[in-house]
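This report concerns only the one structure given below.
Numbering of ligands and ligand atoms starts at 1, following listing order. Along the sequence shown, residues are numbered consecutively beginning with 1. Treat the numbers as computed from the prediction; the structure is a model and nothing was measured.
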Amino acid sequence: MRHALTAILAAVSLSSIASAQTAPETPAPTPPAAAPAQSEIGAAVAKDMDGLMTLYRDLHANPELSLQEVNTAAKLAKRLKALKFDVTEKVGGTGVVAVMTNGSGPTLLIRADMDGLPVVEQTGLDFASKVRTKTPEGVETGVMHACGHDTHMTAFIETAKLMAARKKDWKGTLVMILQPAEEVGKGARNMLEDGLYTRFPRPTHAIAFHDAANLEAGVVGYTPGYALANVDSVDILVKGLGGHGAYPQTTKDPIVLGARIVTTLQTLISREQDPQDPAVVTVGSFQAGAKHNIIPDQAKLLLTVRSYSDETRAKLIEGIKRVSRGEAIAAGVPDDKMPVVTVQDEFTPSTYNPPEFAEQMAGLLKGHFPDGRVIKTPAVMGGEDFGRFYRADKSIKSFIFWVGGVPADKMAASASGQVTLPSLHSPFWAPQADKVIATASEAMTVLALDILKKD
Ligand SMILES: [Zn+2]
Ligand SMILES: [Zn+2]
């Protein structure tokens, strides 16, 4: 999950989600025993739980940054080999592709992401990460699985194990992938560019989950249609003519011009965007100048831009360029000093759950967890590069869902305003991992067995 998701996710409380379906005061139900045909998977997961928590704690204590997931990949590749998957390492950098063929049938891609974040962990857990490293920019940092990708990998390994042990119950091909660099929007693209769909069986279906810091532990959330947003990073270099602060008439002040640009950018959303088609333009950084009495030569603005459709994305980027240039003209900046607008390469495309397939998958999960804990959740403005696997071939039936990780008592305390829940990417994010892992392992296996079911 990319950065700005965290705050947005945090803003969506379980009660606000639940209010669409039930009274807000209704506490999230506790799961009763699943139906007999389904409880076999739940029981198998429960039996494996001790080992899974050992794996989880190990992954949590040893996180690696994006594009550096070397030990994580090696460790998990070994497990997949032991389960008799045909394993290829170093796909798109540190990616792992594990294939299991089992007769003719659909090809299902199951994906987990591996990277941690440059965050100094402050959860106080006894297996908290103490890892320290330097970012590619040379900044000293801690490393933490603050987005919960360690829960993703643990449930992924359990799903692999359960599927390998049930080959008689399904047919087709499993392509289980461990993806690097989700947090920087590069991992899915790197794996696709390294032949994920040409060197390996091309998927007909793709599934993944993400832990959620705004849903009670064990609750499953799903969003038909657009689930997560296009995420663009845009830089605006505002050029001016520097000079003495006491003689503004001899300058073109890039700070005043930058301020005008920031203000006018607000109208891209408030006046030009269809209110029914959500989008975000946030200026997260405005850097200029060094001293009280000097008008600088330039200012730099850093923006995050969010949208769902490609048309809206293009319109916003065009609007940012138009506003920047228009304000510079209004300020009398010469032609050769027009603002330079750069859309960064670090783009995460929106994630789309084809609605019919999403409802079908949600129906299966509701059948497996017959206690009302599978709920429809609103789309978010965060990003996830899982969307690339569908965009690379839109015939693929693709589905990503949420698994809540907030302990019930914290959820209740938050609902009554006693505490503020940490979001994803927070140094305090400590999901109730056993519940996330158990729920996700069951959910992924139930979906996989149905997608690959025998006639
Ligand atoms: Zn994230
Ligand atoms: Zn994430």
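- For the pair Leu364 and Met361, the minimum side-chain heavy-atom distance is below 4.5 Å.
- Residue side and main chain included, His149 places no N/O/S atom under 2.8 Å of the Zn ion (ligand 1).
- Nearest to the Zn ion (ligand 1), among the N, O or S atoms that Glu183 has, is OE2.
- Among the atoms of His152, no N, O or S atom is found under 2.8 Å from the Zn ion (ligand 2).
- With respect to the Zn ion (ligand 2), His210 has NE2 as its nearest N, O or S atom.
- For Tyr56 and His60, the ring centers are positioned less than 6.0 Å apart.
- Applying side chain to side chain contact (heavy atoms under 4.5 Å, CB included) to Arg306 and the options Thr348, Val280, Val380, Val281 leaves one that passes, Val280.
- Comment: Asp345 does not engage Lys186 in a salt bridge, judged by the lack of any side-chain N to carboxylate O separation of less than 4.0 angstrom.
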